[in-house]
Asker: 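Sharing a structure here in structure tokens format.
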Amino acid sequence: MILLVPANPLRPRHPDEHFAAEAGAARAAGIDVAVVDHDALARGADARRAVASVSGSGTAVYRGWMLRCERYGAFAELLADRGVVLRSTAEHYRRAHELPGWYAALAAATPLSVWTTGSDRADFDRARVELGAGPAVLRDYSKSMKHYWNEATFIPDLDDGAAAWHVARRFLELRDDDFVGGFVLRRFERFTSAEVRTWWVDGVCVLIGPHPDSPHDPAPAGIDLAPIAPMIAGLGLPFVTVDLALRVDGEWRVIELGDGQVSDRPTTIEPQTMMTALLVLAR
């Protein structure tokens, strides 16, 4: 297996500092490591140069910054031309990276959601009415702006169309060119725990730890994954993360599913632990 990580913009032959520890742990575990130019991939310009340092052949796993789905697809094609096959295909990546790809499979375990196919006000209002009155959380297909909770994420009551659109407009301003797909409105639920990030390889949970936003909050003991495990396995995705939180009624709920390649590792999980989990992909 080959581990692909973003290159350091100032030292292009070396891994980006954010992923350097994982790259070092991978080499120590006998995994080949190559760097790619993430910025060139993200721009779509001179993309062949972005993978010029990737040599050899075989299966690869990417650990790096997010890419839009179309850019990831181009990335996969460029690598295939060099004899390297990403373990997660472009189809896998889209299904994991964008909420509409995974929502139906996990609908019973995650807040009720509706979405649009763009940023048009009329489509937003149709989705707002479809979800119904009450509080909601706003995001797009791939990301929320939860750090701007009151101004660009939380909608107190979807019945107030003007106030809801005010939040949506602010969300668009903040996401700007990074806006993906359309608006997603999710029914607001109350939780009593910090989020827990679980890591899954071929439908099996291989690692449980804190969320990167709260790395020092230990994962509670006794999390029951049995209700969601068949749902995750049914997606048929090679490498994903599933973020969970405990609802006020004591039920663990899925907050997010993401492609594991672009899911951040909390600082309190050792890179060696991450590489041990990734080695399962090489079997």
Asker: Check the hydrophobic clustering (I, L, V, M, F, W, Y; side-chain heavy atoms under 4.5 Å; chains of links allowed) and say if Ile2 and Tyr72 are grouped together.
Answerer: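 In one cluster: yes.
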
Asker: Show your working on side chain to side chain contact (heavy atoms under 4.5 Å, CB included) between Ser193 and Trp252 and close with a plain yes or no.
Answerer: CA-CA 10 Å; Ser193 74; Trp252 285 96; 3.9 Å; yes

Asker: Of all the heavy-atom pairs spanning Pro212 and Asp264, show the shortest one and how long it is.
Answerer: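 Answer, listing the atom of Pro212 first, then Asp264: CG-O, 3.3 Å.
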
Asker: Check the side chains of His211 and Ser214 for a donor-acceptor pair under 3.5 angstrom, ignoring hydrogens and angles.
Answerer: no

Asker: Within a strict 4.5 Å, meaning less than it, do heavy atoms of the Val51 and Ser53 side chains meet?
Answerer: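 Result no, sub-4.5 Å side-chain heavy-atom pair not found.
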
Asker: Checking the side chain of Thr198 only, and the main-chain atoms of Ile208 only, is there a donor and an acceptor separated by less than 3.5 Å?
Answerer: no

Asker: Between atom NE2 of His38 and atom CH2 of Trp65, what is the distance when rounded to the nearest 0.5 Å?
Answerer: 8.5 Å

Asker: Carefully, step by step, assess Leu185 and Leu138 under the rule side chain to side chain contact (heavy atoms under 4.5 Å, CB included).
Answerer: CA-CA 5 Å; Leu185 288 166; Leu138 178 69; 3.8 Å; yes

Asker: What is the ring orientation for Trp149 with Phe154, classed by angle as parallel under 30°, tilted 30 to 60°, or perpendicular over 60°?
Answerer: parallel

Asker: For the CZ atom of Arg11 and the CD atom of Glu17, what is their distance to the nearest 0.5 Å?
Answerer: 8.5 Å

Asker: Is the shortest heavy-atom distance from the side chain of Trp199 to the side chain of Phe239 under 4.5 Å?
Answerer: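 When only atoms from C-beta onward are counted, Phe239 and Trp199 do touch, with a gap below 4.5 Å.
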
Asker: Would you mind checking if Arg253 and Glu251 are paired as a salt bridge, meaning a charged N to carboxylate O distance below 4.0 Å?
Answerer: yes

Asker: Ignoring hydrogens and geometry, is there a side-chain-to-backbone donor-acceptor pair from Arg95 to Leu235 under 3.5 Å?
Answerer: yes

Asker: Determine whether Thr59 and Arg87 satisfy the following criterion, side-chain hydrogen bond (donor to acceptor under 3.5 Å, both in side chains), listing intermediate values before the conclusion.
Answerer: CA-CA 6 Å; Thr59 302; Arg87 181 68 175 79; over 6 Å; no

Asker: Would you find a donor on one side and an acceptor on the other, under 3.5 Å apart, between the side chain of Asp157 and the backbone of Gly134?
Answerer: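 Yes: the side chain of Asp157 pairs with the backbone of Gly134.
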
Asker: Strictly distance-based, threshold 3.5 Å: is any side-chain N or O of Arg94 a donor or acceptor partner for the main-chain N or O of Thr89?
Answerer: no

Asker: Ignoring hydrogens, what is the shortest heavy-atom contact between Ala277 and Val201? Give both atom names and the distance.
Answerer: O-CG2, 4.0 Å

Asker: Are any of the side-chain nitrogens in Arg121 or Asp125 under 4.0 Å away from the carboxylate oxygens of its partner?
Answerer: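 Asp125 and Arg121: salt-bridged.
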
Asker: Is there a side chain to side chain contact (heavy atoms under 4.5 Å, CB included) between Tyr148 and Lys146? Walk through the geometry before answering.
Answerer: CA-CA 5 Å; Tyr148 296 85; Lys146 62 184 178 182; over 6 Å; no

Asker: Does NE2 belonging to His166 count more than 12 external heavy atoms closer than 6.0 Å?
Answerer: no

Asker: Test of understanding: clusters of I, L, V, M, F, W, Y form through side-chain heavy atoms closer than 4.5 Å, transitively. Do Val61 and Val35 belong to the same one?
Answerer: yes

Asker: Hydrophobic clusters here meaning ILVMFWY residues chained together by side-chain heavy-atom distances under 4.5 Å, can you tell me if Val137 and Val180 are in one?
Answerer: no

Asker: Quick one: does Arg187's side chain have a donor or acceptor within less than 3.5 Å of a partner on Pro111's backbone?
Answerer: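 No: the side chain of Arg187 does not pair with the backbone of Pro111.
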
Asker: Just verifying a value: how many Å separate Thr273 OG1 and Arg265 CZ, rounded to the nearest 0.5 Å?
Answerer: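 Answer for the OG1-CZ pair, Thr273 versus Arg265, is 9.0 Å.
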
Asker: Could you check whether any side-chain N or O of Asp224 sits under 3.5 Å from a backbone N or O of Ala226, counting only pairs where one atom can act as donor and the other as acceptor?
Answerer: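 Between the backbone of Ala226 and the side chain of Asp224 there is a qualifying donor-acceptor contact (under 3.5 Å).
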
Asker: If Ile, Leu, Val, Met, Phe, Trp and Tyr residues are connected whenever their side-chain heavy atoms lie under 4.5 Å apart, and connections chain through other members, are Val254 and Val114 in the same group?
Answerer: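 Yes, because Val254 and Val114 connect within a single hydrophobic cluster, where side-chain heavy atoms sit under 4.5 Å apart.
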
Asker: Less than 4.5 Å apart, side chain to side chain, heavy atoms only: is that true for Trp200 and Ile228?
Answerer: yes

Asker: Starting from the C-alpha separation in whole Å, work towards a yes-or-no answer on salt bridge (charged side-chain N to carboxylate O under 4.0 Å, His left out) for Arg175 and Asp140.
Answerer: CA-CA 9 Å; Arg175 288 290 278 152; Asp140 66 16; 2.9 Å; yes

Asker: Given side chains that start at C-beta, do those of Leu67 and Val262 come closer than 4.5 Å, heavy atoms only?
Answerer: no

Asker: Any side-chain heavy atom of Leu106 sitting closer than 4.5 Å to one from Ile232?
Answerer: yes

Asker: Going through the distances and angles, do Thr241 and Leu257 end up as a side chain to side chain contact (heavy atoms under 4.5 Å, CB included)?
Answerer: CA-CA 6 Å; Thr241 54; Leu257 183 143; over 6 Å; no

Asker: Evaluate side-chain hydrogen bond (donor to acceptor under 3.5 Å, both in side chains) for Thr110 paired with Arg186, printing each intermediate quantity in order.
Answerer: CA-CA 9 Å; Thr110 198; Arg186 312 200 74 198; 2.6 Å; yes

Asker: A side-chain contact here means heavy atoms from C-beta on lying under 4.5 Å apart; do Leu207 and Ile269 qualify?
Answerer: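 Yes. Closest side-chain heavy atoms under 4.5 Å.
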
Asker: Would you call Leu172 and Phe124 a side-chain contact if the rule is heavy atoms closer than 4.5 Å?
Answerer: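 Leu172 vs Phe124: side chains apart.
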
Asker: Atom CG in Leu244, atom CG in Leu225: separation rounded to 0.5 Å?
Answerer: 6.5 Å

Asker: Would you call Glu256 and Arg139 a salt bridge, taking side-chain N to carboxylate O under 4.0 Å as the test?
Answerer: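 Looking at Glu256 and Arg139, the cut-off is met.
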
Asker: Give a yes or no answer on whether the side chain of Arg197 reaches the backbone of Pro210 with a donor-acceptor pair at less than 3.5 Å.
Answerer: no

Asker: Say whether Val240 and Val206 are linked into one hydrophobic cluster, either directly or through other cluster members, by side-chain heavy-atom distances under 4.5 angstrom.
Answerer: no

Asker: Report the distance from atom CE of Met145 to atom NZ of Lys143, rounding to the nearest 0.5 Å.
Answerer: 7.0 Å

Asker: Using a strict 4.0 Å threshold on nitrogen-to-oxygen distance, state whether Glu173 and Arg170 make a salt bridge.
Answerer: yes

Asker: Out of curiosity, Ser142 OG to Leu99 CG, how far, rounded to the nearest 0.5 Å?
Answerer: 10.0 Å

Asker: State, to 0.1 Å, how close Ser57 and Val84 come at their nearest heavy-atom pair, and which atoms those are.
Answerer: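 The answer is CA-CG2, 4.2 Å.
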
Asker: Minimum heavy-atom separation for Ala60 and Leu4, please, with both atom names.
Answerer: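 Smallest heavy-atom distance, with atoms named: CB-CD1, 3.8 Å.
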
Asker: Measure across Glu98 and Cys69 and return the closest heavy-atom pair with its distance rounded to 0.1 Å.
Answerer: OE2-SG, 3.3 Å

Asker: What heavy-atom pair brings Arg190 and Phe188 nearest, and what distance separates the two atoms?
Answerer: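 Closest heavy-atom pair between Arg190 and Phe188: CG-CE2, 3.7 Å.
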
Asker: Could you go through the ring-ring contact (aromatic ring centres under 6.0 Å, His included) check for Tyr62 and Phe75 one step at a time?
Answerer: CA-CA 10 Å; Tyr62 173 62; Phe75 180 33; 5.5 Å; yes

Asker: Is the closest basic N to carboxylate O distance between Arg48 and Asp81 below 4.0 Å?
Answerer: yes

Asker: Is any side-chain heavy atom of Leu3 closer than 4.5 Å to a side-chain heavy atom of Arg63?
Answerer: yes

Asker: Answer yes or no: is there an ion pair linking Arg49 with Asp37, defined by an N-O contact shorter than 4.0 Å?
Answerer: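 So Arg49 pairs with Asp37 through a salt bridge.
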
